[in-house]
Amino acid sequence: MSKFTLPVRLALLVTGTTLPMIVFAAGIAFYHYKQDRNVATRRVLETVRSLRLVLDSEVQRMTGSLQVLALTNSLRNDDFTNFRRIALGFIDQYGKDGLLLISDRKGRLLFSSATEDPASLPPRGNLDIVGKVFAAKAPQYSDLFTGAINGRQVVTVEVPVFRNGEAIFDLCFSPPVRLFQELIEKQRPDPQWTVSLLDAKGTVIARVPNPGETFGKRASPSLYEEMFRAPEATLSTVSLDGIALASAYTRSQLTGWTVAAGVPESSLIAPLWRNIAITGLIGGILLLIGLTFAVRMATTIARGEMLHDLLIEELNHRVKNTLALMQAIAVQTFRSASRDERTKFEGRLGALAEAHNLLSQEKWAGSELKDVVARVLQPFLLNAPERIRMDGPAVPLSPRLAVVLSMIVHEIATNAAKYGALSNETGRVTLEWEVIADTPKPRLRLIWTEIGGPPVTEPVRRGFGSRLIERSARDQLGGEATVDFLPRGVVCTVTCALDEAH
């Protein structure tokens, strides 16, 4: 063997064993990148689902409040002068930019919170939704359109006003669009994320970032082409700002509006390049060390055949140790980087849902049960706050419990306003709650009791509201709800387990 052949063979040996391990480590890095990307995409989908729940809760609260206004005696008796006082109290909850209108089926304005002389106002804008309210006799939610009165682009929540079982008016509320913008901004998990609220036609109602430049524009082509194919999905899109996003969207069954969000692809691929760079750097250094060592060993062996066997054995031993060390360093470095990346992503999770504006202000950190219930019942207290009594200890709720319980209480109160103790002038309601601590896991019990209302008869079949209350308590709270139609009034009992964090 010549003195040149041995160094070449050793170099090939070191290269042939080191390079495959570098490639293998890079492959592991890419595999974990794909796993982390899938986790991030699922997080985006969970986020838009939570945002949709917050949006639906807010819109349901508006709808319930409007339905309560539609039941007032002033409106039933065409007493618009007295109704104005109640209407202005309702609008104060949302700010001066809110607008409340009453029109007939032809779009003629009979009442406007903006003026005491509706005769001087033009006919209603968006007559299509007015027709839908009278045809469906149910609440309707508009897309973005230009209002006839203020000339601004608005969305509306509209409910029918009934008299003797027939729809006679359309009660329309145009909330300030900034309300939805603030909701999106508060629920945005991270400044790098893009979050949008779009109407049923794919037009931007609220968005971060750059809300001013994108309001009223259609969704980006890559999102617009896909968002009508399915109620929700994950996909890769390019935002209106030209940024590649790993995105998800979900459509509200209540309003038909869509919530979409995305995280920049660049933030997901950066850890991959960092891990590959670290692996390549470590592998290159170890390869260089191995080659240098191989050349020196080969030169030493060439100087004396007597040490040939011993040096070859030593060379093999050191190369194996070097390769093992390289593998350990690469794996440990990658694992460390991956954990840090996942911790970074997981550290940006916010709370999941917001129950009305109260939870939005608290940023989903949870809220007291009394605050949540009081917020839900606020529309029912406008005329006679003494008719509803609340009593119970302080009970902190997680965002999940706050959202679901607010929906249940709202449904019960709405039923009471339509058919029960809040539908006349003498009925009263007591809402009491207690924490049952003598079980392995503390449980919450709420009892809604009505007295003084119209005569109670048990319905022949359960309506949607009863099914909503029972299924929400059972499926989302892991508890149960019972409704007893007693002669003196309805009694509804809801029990559920409190989250361990509380």
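All heavy atoms count here, side chains included; hydrogens, waters and symmetry mates do not.
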Donor-acceptor check, side chain of D199 to backbone of L144, threshold 3.5 angstrom: yes or no? yes
Distance, nearest 0.5 Å, that separates CD1 of I388 from CG of L422: 5.0 Å
Heavy-atom closest pair (L198 atom, I205 atom, distance to 0.1 Å) is C-CD1, 4.1 Å
D475 bridged to R471 by N-O distance under 4.0 Å: no
Taking all heavy atoms of V155 and all of P175, pick out the closest pair and write down the distance. O-CD, 3.4 Å
Can you tell me if D143 uses its side chain to pair, donor with acceptor, with the backbone of A200 under 3.5 Å? yes
Taking the side chain from Q187 and the backbone from L51, do they hold a donor-acceptor pair closer than 3.5 Å? no
For the CZ atom of F169 and the CZ atom of F134, what is their distance to the nearest 0.5 Å? 8.0 Å
Does a side-chain heavy-atom distance below 4.5 Å link V54 with L183? yes
Could you tell me whether R229 and E226 make a salt bridge, using a distance below 4.0 angstrom between a side-chain N and a carboxylate O? yes
Sidechain-backbone polar pair: K217 side chain, E213 backbone, donor-acceptor under 3.5 Å: yes
Is the closest side-chain donor-acceptor distance between N126 and S142 under 3.5 Å? no
Do the charged groups of R207 and D241 touch, with an N to O distance under 4.0 Å? yes
Taking atom CZ of R188 as the centre, report whether more than 12 heavy atoms of other residues, nucleotides or ligands fall under 6.0 Å from it. yes
With a 6.0 Å cut-off (strictly less than), is the heavy-atom count around CD of E116, excluding the residue itself, greater than 12? no
Parallel, tilted or perpendicular, judged at 30° and 60°: which one describes the rings of F173 and Y94? tilted
Salt bridge check, R178 against D97: does any charged N sit closer than 4.0 Å to a carboxylate O? yes
Any sub-3.5 Å donor-acceptor pair from R84's side-chain atoms to T115's backbone N or O? yes
Within 45° cone of Y224 ring axis and under 6.0 Å: R218 NZ or CZ: yes
Are the charged groups of R445 and E432 less than 4.0 angstrom apart, N to O? no
Are any side-chain N or O atoms of S220 and backbone N or O atoms of V238, one a donor and one an acceptor, separated by less than 3.5 Å? yes
In plain terms, say whether R163 and D78 are close enough for a salt bridge, that is, a side-chain N and a carboxylate O under 4.0 Å apart. yes
So which heavy atom on P176 is nearest to which on G98, and how close? CG-N, 3.7 Å
Where the side chain of S267 meets the backbone of P264, is there a donor-acceptor pair that is under 3.5 Å apart? yes
Do side-chain atoms of N77 reach the backbone of D79 as a donor and acceptor pair under 3.5 angstrom? no
Shortest non-hydrogen separation from A473 to I408 and the atoms involved: N-CD1, 4.0 Å
Are L179 and M62 close enough that some pair of their side-chain heavy atoms sits under 4.5 Å apart? yes
Kindly check if the number of other-residue, nucleotide or ligand heavy atoms within 6.0 Å of CD (E480) is above 12? no
Between S423 and G420, is there a donor-acceptor pair closer than 3.5 Å when you use the side chain of the first and the backbone of the second? yes
Do the side chain of R387 and the main chain of G427 share a donor and acceptor less than 3.5 angstrom apart? yes
